[in-house]
> 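Please read through the structure below; I'll follow up with questions.
It should be emphasised that the depicted structure is a prediction, and the values quoted were computed from it without experimental measurement.
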Amino acid sequence: ARDYNLASGVMAMEWTVTLNTGTKAPAFGLGTFAWQSKPGEVAKVVDAALRAGYRSIDCAYAYGNEGEIGEALQKCFKEGVLKREELFITTKLWCTFHQREDVLSCCQESLKNLQLDYLDLYLVHTPIALKKEAKLPGYTQDDILGYDPDTVADTWKGMEDLVEKGLVRAIGVSNFTITKIERLLQTAKIVPAVNQVECHPYFQQPKLKEYCDWKGIVLEAYSPLGSPARPVIAAADPVVMEDPVIKELAAKYNATVGQICIAFALHRGLMVIPKTVNPARVVENLKSTELKLDAADMKRLIEVDKNLRLFRGEGFLAKGVTWEEAFDVEADEKFVIPK
């Protein structure tokens, strides 16, 4: 019998992207945003993922589970499952640490919780800042400072300081638009290596992908399945997992709908980090790396795009700011990418 775990692990390693630092990073990894999980569940799933062949784990200070992820990492290192240098670890700076002098303390806390001495990739979680004293969870509307380009420029200097100190190998952003990256690049010494954003068959972000390609920034997809378990779901939102074209292709390739969505992201040259707290789903998602979608089917998948943003900044919008304004919808549409 074929060892699917091993085969998938080997295939997963074949999907790589090259960052602007020159580092080859795994294109496929595990997301760990598990807002409904019980204590210890994320540690179990990280353990299962590393043993199955995953070599990239995406974390965040805000997820509140870096401690148990650190325990799982140490266990796997000690048992010889893999070495630290074989693993690509990402985590993210939270919004209460956007002052340049606060960036280091957030990074150090994440390193301590993850029990690591460096990060492979450190991202600014969102361009939106919160007041320093804002609680997590439990911050209020009054705590939201919103987006200020000068603050972000200052935050980025703090991120660049971390590279200089050797605490992080690469730095990037998350939830940034073309407009916000353009503004950041006016002052940045280091071009972000990655921009991690919502990206799935119904929200493919082709223009942002083209822009990031032009700037040498890797686009990374969170919610590649359309986040069926997201905290806020509008009744009118169509469901990616129920799309007839994707279902038809799943049958053709003897795969699940989720596997087609993940394989689609990989074939587009994205980094992709599907999350799960189900150890069986860990292996199922990993098998996406074995799929080879043909050009005609890629075209069909590209055509299902609805330009439908499912995460509309709930909980991050400052008073009086619409999600369209927060995500620079109009400005990004007008932006011209040189041919």
> Using a 3.5 Å distance criterion without hydrogens, assess whether the side chain of Asn20 forms a donor-acceptor pair with backbone atoms of Val191.
yes
> To the nearest 0.5 Å, tell me how far Leu301 CG sits from Ile246 CD1.
6.0 Å
> Test the Lys275-Phe33 pair against the cation-pi criterion, namely NZ or CZ under 6.0 angstrom from the six-membered ring centroid and within 45° of the ring axis.
no
> Between side-chain atoms of residues 234-241 and protein atoms elsewhere (two or more places apart, or another chain), which donor-acceptor pairs fall under 3.5 Å?
| unit_1 | atom_1 | unit_2 | atom_2 | d |
| --- | --- | --- | --- | --- |
| Asp237 | OD1 | Arg312 | NH2 | 2.8 |
| Asp237 | OD2 | Arg230 | NH2 | 3.1 |
| Asp237 | OD2 | Ala234 | N | 3.4 |

> Does Arg309 count as lying over the ring of Phe327, i.e. NZ or CZ under 6.0 Å from the six-ring centre, within 45 degrees of the axis?
yes
> Specify whether Tyr63 and His125 have parallel, tilted or perpendicular ring planes, treating 30° as the upper limit for parallel and 60° as the lower limit for perpendicular.
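Rings of Tyr63 and His125: perpendicular, as their planes differ by over 60°.
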> Do Arg183 and Gln186 touch side chain to side chain, with heavy atoms closer than 4.5 Å?
yes
> Drop me the distance from Lys252's NZ to Leu293's CG, to the nearest 0.5 angstrom.
9.0 Å
> So, are Asp120 and Arg84 salt-bridged, with charged N and O less than 4.0 Å apart?
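The answer is yes: the pair qualifies as a salt bridge.
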> Heavy-atom distance under 4.5 Å between the side chains of Pro26 and Trp15, does that happen here?
no
> Look at the side chain of Glu160 and the backbone N and O of Ile190, then say whether any donor-acceptor pair between them is shorter than 3.5 Å.
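Between the backbone of Ile190 and the side chain of Glu160 there is a qualifying donor-acceptor contact (under 3.5 Å).
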> Atom NZ of residue position Lys299 - does it have more than 12 heavy atoms of other residues, nucleotides or ligands inside 6.0 Å?
no
> Any chance you could measure Glu210, atom CD, to Ile178, atom CD1, to the nearest 0.5 Å?
8.5 Å
> Taking atom types as modelled, is there a side-chain donor on Tyr253 or Gln259 under 3.5 Å from an acceptor on the other?
no
> Quick check: does any side chain N or O of Thr155 sit under 3.5 Å from a backbone N or O of His98, one acting as donor and the other as acceptor?
yes
> Which of parallel (below 30°), tilted (30 to 60°) and perpendicular (above 60°) describes Tyr61 and Phe97?
perpendicular
> Do Thr289 and Glu14 touch side chain to side chain, with heavy atoms closer than 4.5 Å?
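A side-chain contact is absent here, since even the closest heavy-atom pair is not under 4.5 Å.
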> Checking Thr91 side chain against Ala60 main chain: does a donor-acceptor pair fall under 3.5 Å?
yes
> With a 4.5 Å limit on heavy-atom distance, are the side chains of Tyr54 and Leu286 in contact?
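Touching, per the 4.5 Å side-chain cut-off.
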> Once rounded to the nearest 0.5 Å, what's the spacing between atom CG of Asn195 and atom CG of Leu270?
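The CG atom of Leu270 is 11.0 Å from CG of Asn195, to the nearest 0.5 Å.
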> Verify the cluster assignment for Val17 and Leu123: are they in a single hydrophobic cluster under the rule of side-chain heavy atoms below 4.5 Å apart?
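Val17 clusters together with Leu123.
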> Nearest 0.5 angstrom please: Leu114 CG to Ile69 CD1, how far?
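If I round to the nearest 0.5 Å, the distance is 6.5 Å.
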> Should Asp305 and Pro206 count as side-chain neighbours, where that means a heavy-atom distance under 4.5 Å?
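SC-SC contact between Asp305 and Pro206 confirmed.
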> I'd like to know if the side chain of Glu198 and the backbone of Leu310 have a donor-acceptor N/O pair within less than 3.5 Å.
yes
> Can you tell me how far apart NE2 (His267) and CD1 (Ile260) are? Round to the nearest 0.5 Å.
9.0 Å
> Listing request: all ring pair (Phe, Tyr, Trp, His ring centres under 6.0 Å) pairs with a residue in residues 137-170, at least two apart in sequence or in separate chains.
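Listed once each, the pairs would be none.
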> Name the residue from Leu136, Thr126, Leu145 that meets the side chain to side chain contact (heavy atoms under 4.5 Å, CB included) definition with Cys95.
Thr126
> Donor-acceptor pairs under 3.5 angstrom involving side-chain atoms of residues 216-226: please list them, not counting sequence neighbours.
| unit_1 | atom_1 | unit_2 | atom_2 | d |
| --- | --- | --- | --- | --- |
| Glu220 | OE1 | Gln196 | NE2 | 3.0 |
| Tyr222 | OH | Asn175 | OD1 | 2.6 |

> I want to check something: taking the side chain as every heavy atom from C-beta on, are Cys76 and Asp47 in contact at a cut-off of under 4.5 Å?
yes
> Can you find a heavy atom in the side chain of Leu317 that is under 4.5 Å from one in the side chain of Gln141?
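A side-chain contact is absent here, since even the closest heavy-atom pair is not under 4.5 Å.
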